[in-house]
Student: 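Sending over a structure as structure tokens; questions will come in a sec.
All values reported here derive from a predicted model rather than from experimental measurement. Heavy atoms only: backbone and side chains are in, while hydrogens, waters and symmetry mates are out.
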Amino acid sequence: MATKLLKWGNGVGLLVPSFAAKSCGFKPGSFVRIIVLDNEIRVRPVSTPCVDDYSPPDDESPAHEVERRETRW
């Protein structure tokens with residue numbers, strides 16, 4: 001399935017079709033975790049945000065990269 005990214009502030013927004021959102025348990029106001037692996041972005045549901053999700057990136061990582069990379073589900 002292909003979809004189009006839309007401009008959203010300084011980033012981009014992704015519209016998740018209702019059948020895909022429903023199958024993952026996504027609802028308006030749900031929290032998700034965004035995981036960046038090489039050239040892939042994964043979005044998975046989480047029950048509540050973690051304090052670490054709001055911490056600033058490490059000094060070693062460039063400002064445009066995600067704070068951390070997870071490799072396992």
Side-chain angles (χ1 to χ4, degrees):
M1 163 182 34
T3 188
K4 185 177 182 178
L5 296 175
L6 304 171
K7 184 166 177 49
W8 189 283
N10 290 332
V12 293
L14 174 66
L15 178 64
V16 179
S18 61
F19 74 90
K22 187 175 183 178
S23 70
C24 293
F26 292 177
K27 298 175 188 168
S30 295
F31 292 101
V32 296
R33 167 131 326 125
I34 297 172
I35 303 162
V36 177
L37 300 168
D38 297 324
N39 292 326
E40 180 178 320
I41 297 174
R42 295 181 185 177
V43 180
R44 71 183 212 190
V46 294
S47 56
T48 56
C50 177
V51 174
D52 292 341
D53 293 337
Y54 299 106
S55 61
D58 297 334
D59 292 337
E60 298 174 1
S61 64
H64 67 278
E65 288 191 15
V66 174
E67 156 181 343
R68 66 177 168 270
R69 293 174 184 250
E70 295 185 21
T71 56
R72 293 186 301 165
W73 282 79

Student: Given 3.5 Å as the limit, does a donor-acceptor pair link the side chain of K7 with the main chain of G9, or not?
Tutor: yes

Student: Less than 4.5 Å apart, side chain to side chain, heavy atoms only: is that true for L6 and L15?
Tutor: no

Student: Give me the atom names and distance for the closest heavy-atom approach of P45 to C24.
Tutor: CG-O, 3.7 Å

Student: Can you tell me if CD1 on I41 sees more than 12 non-hydrogen neighbours from other groups inside 6.0 Å?
Tutor: no

Student: Nearest 0.5 Å please: distance from the CZ atom of R44 over to the CZ atom of F26.
Tutor: 10.5 Å

Student: Taking all non-hydrogen atoms of both residues into account, name the closest pair between S30 and G25 and its distance.
Tutor: OG-O, 4.0 Å

